[in-house]
Chemist: 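After the structure tokens below, expect a handful of questions from me.
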Amino acid sequence: MQKALIILGAILILLGLILPFLNNLGFGRLPGDIIIKKNNFNLYFPVTSAIIFSIVVSIILKLFK
């Protein structure tokens, strides 16, 4: 359990360091991401970004398994 938490923490740190670079590449504003803007309401639902992120994480986990 301790080893899993350490690995999870390291992954979160790396994700936090990589996230600003992904925003510059357009990740999070891809075609298929739903953005609804009303007067006092903003809804952002990143469908395409979530699918791509899920595929990448699945590939990485299969490589380490």
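Atoms considered below: every heavy atom in the structure, side chains included; atoms not considered: hydrogens, waters and symmetry mates.
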Chemist: Does the S54 side chain pair with the main chain of A50, one donor and one acceptor, at a distance under 3.5 Å?
Modeler: no
Chemist: For the residue pair G32 and T48, what are the closest heavy atoms and their distance?
Modeler: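 Smallest interatomic distance, heavy atoms only, reads CA-OG1, 3.1 Å.
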Chemist: Looking at CG of L12 and CG of L8, how far apart are the two atoms once the value is rounded to the nearest 0.5 Å?
Modeler: 4.5 Å
Chemist: Could you list who else is in L17's hydrophobic cluster, with ILVMFWY side chains joined at under 4.5 Å, directly or through other members?
Modeler: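 Other cluster members: I13.
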Chemist: Going by side-chain contact (heavy atoms from CB on, under 4.5 Å), L30 matches just one of I52, I51, V47. Which one?
Modeler: I52
Chemist: Can you tell me how far the CZ atom of F64 sits from the CD1 atom of I7, to the nearest 0.5 Å?
Modeler: 9.0 Å
Chemist: Is there a path of hydrophobic side-chain contacts, each under 4.5 Å between heavy atoms of I/L/V/M/F/W/Y residues, joining I34 to F41?
Modeler: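 Yes: a chain of side-chain contacts under 4.5 Å links F41 to I34.
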Chemist: Out of curiosity, F45 CZ to I36 CD1, how far, rounded to the nearest 0.5 Å?
Modeler: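 Between F45 CZ and I36 CD1, I get 10.5 Å after rounding to 0.5 Å.
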Chemist: Please tell me whether F53 and L61 are part of a single hydrophobic cluster in this structure, the criterion being side-chain heavy atoms less than 4.5 Å apart.
Modeler: yes
